[in-house]
Every structure is written in structure tokens, then in C-alpha cells.
Asker: 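Here you go, one structure.
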Amino acid sequence: MPENPKNPERAAERTVSLHDGAVQRNVAWLIQETQAVEIINQEINSVGERSRRRGAKSFGGVMGQQLPGGVGGYTDSAFDEFLVGIWDEHLYFSDLDGGWSKQASAVTLVPGLLHNIIPGRDGGNLSYVVATCERVTETTLGIGGRSNMIVYDIANDTETAASLAPRAIAVFQNRLFHGLDETIGWSEIGALADYSDTNSLLVEPGIGGEITAIIPARDTDPKLWVFKEDSIFLFTPRWGTDSAIIPGAGDALDTINSSIRVLSRGVGCIATKSAVWVPGAENSDVFFLANDGIRSLQRAENDVQTGAGFPISWNIKTWVNRINFTEAHRAVAAVFDNAYHIAVPLDGAVDNSHILRYDIDSKAWSLHTWEGRDLSSFKINTVDRLWLQNNYPSGDSSVTQAETDVS
């Protein structure tokens, strides 16, 4: 408590609210009392209270110099919750004590690449679909290119490889939708690795680059948001001869009544795992990393889906300008504790070197010095946690957890 020279016994400390977070778009002398140019390793809540970034503890990892390739959560047939991770070529599952065991290894992944890991049901069995989601310089399968997509059956400990290597995947209407280059395709119902060339269509070829993300949309009818690197589209599928909104077994796409609507041109998603649902965000559904910062998909007052909004990262343009956009396709994001966390490479880094944290309630930004290869928000033992996989081989400390916030 600072000393009051006039009355030392009645000294008082003034607490300044920083509920507006980091604001770098004004010159220093225009910064308000509720703002700061730099907020590092601190969090701002809705009433402007600051707190030190919480610590985290190791949840184990794979021993040896194993290259990390993604982390997520899974639920087994008994509805127990665990973690799934990728190191080098294989999937690993955790136990509740932080021990990791390698799963079926008949099919291998390309080591060192970031992978998307999403749950689904294949033939009625709980499964995980794994696909390379970062942009690579080669389009061939195997070493130097993307991994073949695999469907891993949890109960039977078996892997099935599909004969394609998509960058974007999403489970929707009991099918697996995939995005490869400018083509969106889908599996048969309940058979996530079962594809045919006829179950696909081109999404505005020649416009917007390759497909980077596919996310089921919130709407009165089933729809999908299809993100390209420089455009966003809304795909409304209709199925079979009666143009049904829910497909039946064997239904083909009704190409007459299905539609693809442009939502944005010149703005898209450049990092597959940066695009996530953000519950509670005002007039927004999904946040994502674009080529000029973090943006959101907007909704009008009548709840109609519109296009990309103004960059929500406008206040932190200094940090955004430090992003190495050549390697930003590796950016990953997760929503935890009412905040959007996105790990990005700053200052020429080739892997994610920092986390930008956006409090959804206060709309305040802060910067955290975490090196996150992957992020995932998942509950274990009824406790919500944010999981971080380090972006370098680190023995038994490759995955950390934070019970109430990132640290």
C-alpha cells in the first residue's frame, strides 16, 4: 500500500479497472484509464479486475523426441472421458493419471504435421476421424504431404484409412464431410471412411483458394459453412429425389435444389483450427484467423447469417502485425472460461509462440507467453479444462492442463 505523506496511517491504494483490455490503435497519450497498450500474462474479467495468469501442470506425454501433432478429448463406451493425442506417426490415449498408450498402428500419419481430431460414429461405433489440417507444400500423400485420413474405432482399436487426404473435416448428418483443395465431399451415412467420387462438388472453383474449414451452421435448415482461404460460403444440401433436408441411406445430392451462397469475398480462414464456435459472442457464431487478423461470422438483427465482420483484433494491431502469416496456417484456437484463446506464431516464429486471449464478455485482449502446438477445451472428471500440447518434443511434459484458465 503506498504511503500517504499527509496522513501515513490512512493511506489508500487506488485500483484501476482495465476492463477494455489492450488497445494499441491509439497513440499513447490517448489511451484511456480503462485501457493499456500491453497486458501480458494477465486476464481481465467483465468488471475489469486483473488477475495473474494461472499456472498449469503437466498431464504427461510421450517419452523421447516425438513430434507433436494434435490433442483432443474423447469419451469411451462407458462415457468416461480421456484425452487423445498425436505424436510422430500414431494416436495415443491417456489414462486419468497422465499415462499415454499407443493405439492401433497399422496405419501411420505423417510425423510433424498438425492434425484435426474429431469424434463421430462409424458403423455405430464411437470413432475418431483424423486428418492433416495445416497447409503443406506438397499435395501427394505420405512423407512430404498430408496424411491419409483415418477413422479410428475406439472400442475395437482398429484404424481404417480413406484414400484421400483432406485439410478440412466435419461430422454432419451422420456423414463425414471433407474439404480437399476446392472440392467438398461426403461419406455414406454412418460410414465415415466410405467415399465415392460422385459424392462431391466443386465450391466456386477459382475463387478464394483452397477449402480450409467446414463447420455445421446454426440455422432453421441443416447447412454448412465452407471456409476458403479468401472467401466464405454457405452450403445448403438437399437429398434424394424428394429434396429432403435429412438424407436417407443411398440418397444422392439434389443438385437442383441444393445451393451455395457467398457470404464473404476477400476474407476467409487461413488456419483450419482457428475456426471455432464462440458461444455468447455478440451477433457472432464463429471466430477465425483471416489474412488481416481475427474476425467473426456475423448475424443480422433478424438472425439472418451475414458475412465476415470487422476484425475483432483491431484493438491489438501491433500484436497482429507481429504474426508470421507465412506460418499462420498452424494457428489453433479453443474457447474456455468464456474466452477465445488463439495460439499464433509471432516475431518470425515458425511454430505458435504466444496465445492471444479475448474475453467474450468484456471484449478485452491480453497476450500470454505460451507455445501451443494445439489447444483443446475438454471436461475430465466433471471439471472443464483447457489442454495445451507443446509445440516441441518435451518428454513427459507435452500436454498441460489448466483447471480454470490458460496460464
Asker: Is the shortest heavy-atom distance from the side chain of Glu371 to the side chain of Asp351 under 4.5 Å?
Answerer: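 Not touching, per the 4.5 Å side-chain cut-off.
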
Asker: Can you tell me how far the CG atom of Leu164 sits from the CG atom of Leu180, to the nearest 0.5 Å?
Answerer: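 With rounding to 0.5 Å, CG (Leu164) is 6.5 Å from CG (Leu180).
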
Asker: With rounding to the nearest 0.5 angstrom, report the CZ to CG distance, Phe288 to Asp285.
Answerer: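 Output value for this atom pair is 11.5 Å.
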
Asker: Would you tell me whether Thr236 and Arg261 have side-chain atoms, one donor and one acceptor, within less than 3.5 Å of each other?
Answerer: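 No, no side-chain donor-acceptor pair sits under 3.5 Å.
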
Asker: Could you check whether Gln173 and Trp239, counting side-chain N and O atoms only, form a donor-acceptor pair closer than 3.5 Å?
Answerer: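 The answer is yes; a qualifying pair exists.
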
Asker: I need the Arg218 CZ to Lys223 NZ distance, nearest 0.5 Å.
Answerer: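 Rounded to the nearest 0.5 Å, the CZ-NZ separation comes to 12.0 Å.
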
Asker: Under the 3.5 angstrom rule, does the side chain of Arg330 hit a backbone N or O of Asn352 as a donor-acceptor pair?
Answerer: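 Flag not set: sc Arg330 to bb Asn352 has no pair under 3.5 Å.
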
Asker: Could you measure the distance from the OG atom of Ser264 to the CG atom of Leu234? Nearest 0.5 Å is fine.
Answerer: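 If I round to the nearest 0.5 Å, the distance is 11.0 Å.
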
Asker: Are the side chain of Asp88 and the backbone N or O of Leu67 linked by a donor-acceptor pair below 3.5 Å?
Answerer: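 Yes, Asp88 side chain to Leu67 backbone: donor-acceptor pair under 3.5 Å.
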
Asker: Once you round to the nearest 0.5 Å, how far does CG of Leu202 lie from CD1 of Ile184?
Answerer: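 Nearest 0.5 Å value for the CG-CD1 distance: 11.0 Å.
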
Asker: Under 3.5 Å, is there a donor-acceptor pair between the side chain of Ser200 and the main chain of Thr183?
Answerer: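 Between the backbone of Thr183 and the side chain of Ser200 there is no qualifying donor-acceptor contact (under 3.5 Å).
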
Asker: Going from CD1 on Ile312 to CD1 on Ile294, what distance comes out if it is rounded to the nearest 0.5 angstrom?
Answerer: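 Reported value, rounded in 0.5 Å steps: 6.5 Å.
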
Asker: Is NZ or CZ of Lys317 both nearer than 6.0 Å to the six-membered ring centre of Trp319 and within 45° of the ring axis?
Answerer: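 Relative to the ring axis of Trp319, which defines the angle, Lys317 lies outside at least one limit.
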
Asker: Answer yes or no: is there a donor N or O on one side and an acceptor on the other, between the side chain of Asn199 and the main chain of Ser187, under 3.5 Å?
Answerer: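 The answer is no, because no donor-acceptor pair under 3.5 Å joins these two groups.
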
Asker: Out of Asp254, Asp251, Asp221, which one pairs with Arg238 under the salt bridge (Lys or Arg N to Asp or Glu O under 4.0 Å) rule?
Answerer: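 Answer after filtering Asp254, Asp251, Asp221: Asp221.
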
Asker: Given Val130, which partner from the list Val84, Ile169, Ile86 fulfils the side-chain contact (heavy atoms from CB on, under 4.5 Å) test?
Answerer: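 Of all the options given, the one that passes is Ile86.
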
Asker: Between Gln389 and Gly70 (side chain of the first, backbone of the second, donor and acceptor by atom type, cut-off under 3.5 Å), is there such a pair?
Answerer: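 Here the side-chain-to-backbone pair exists.
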
Asker: Report the residue from Phe287, Tyr340, Trp314 that forms a ring-ring contact (aromatic ring centres under 6.0 Å, His included) with Tyr358.
Answerer: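 The option that passes is Phe287.
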
Asker: Let's go through Glu159 and Lys102 carefully: what are the C-alpha distance in whole Å and the side-chain angles of both, what is the deciding distance for salt bridge (charged side-chain N to carboxylate O under 4.0 Å, His left out) to 0.1 Å, and is it a yes or a no?
Answerer: CA-CA 12 Å; Glu159 294 170 345; Lys102 185 168 67 175; over 6 Å; no

Asker: Is the Tyr195 ring parallel, tilted or perpendicular to the His178 ring (thresholds 30°, 60°)?
Answerer: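 Because their plane-to-plane angle is over 60°, the rings of Tyr195 and His178 count as perpendicular.
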
Asker: Are the side chain of Ser296 and the backbone of Gly309 linked by a donor-acceptor contact shorter than 3.5 Å?
Answerer: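 Between the backbone of Gly309 and the side chain of Ser296 there is no qualifying donor-acceptor contact (under 3.5 Å).
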
Asker: Just say parallel, tilted or perpendicular for the rings of Phe336 and His341, cut-offs at 30° and 60°.
Answerer: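 Geometry flag for His341 against Phe336: tilted rings.
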
Asker: If you measure only the distance, is there a donor-acceptor pair under 3.5 Å linking the side chains of Tyr152 and Asp157?
Answerer: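 Per modelled atom types, Tyr152 and Asp157 side chains form a pair under 3.5 Å.
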
Asker: Is a side-chain donor-acceptor pair under 3.5 Å present for Thr132 with His115?
Answerer: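 Yes, because at least one side-chain N or O of His115 sits under 3.5 Å from a partner of the opposite role on Thr132.
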
Asker: Counting distance only, does the side-chain N/O of Lys273 pair as donor-acceptor with the main-chain N or O of Leu114 below 3.5 Å?
Answerer: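 Side chain of Lys273 to backbone of Leu114: no pair is present.
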
Asker: For Glu229, is there an ion pair with Arg135 - N to carboxylate O distance below 4.0 angstrom?
Answerer: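 Yes, charged N to carboxylate O under 4.0 Å.
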
Asker: Classify the ring geometry between Phe177 and Phe235 as parallel (under 30°), tilted (30 to 60°) or perpendicular (over 60°).
Answerer: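 Because their plane-to-plane angle is over 60°, the rings of Phe177 and Phe235 count as perpendicular.
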
Asker: Take atom CG of Asp197 as the centre, draw a 6.0 Å sphere, and report whether it contains more than 12 heavy atoms from other residues, nucleotides or ligands.
Answerer: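 Incorrect, the count does not exceed 12.
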
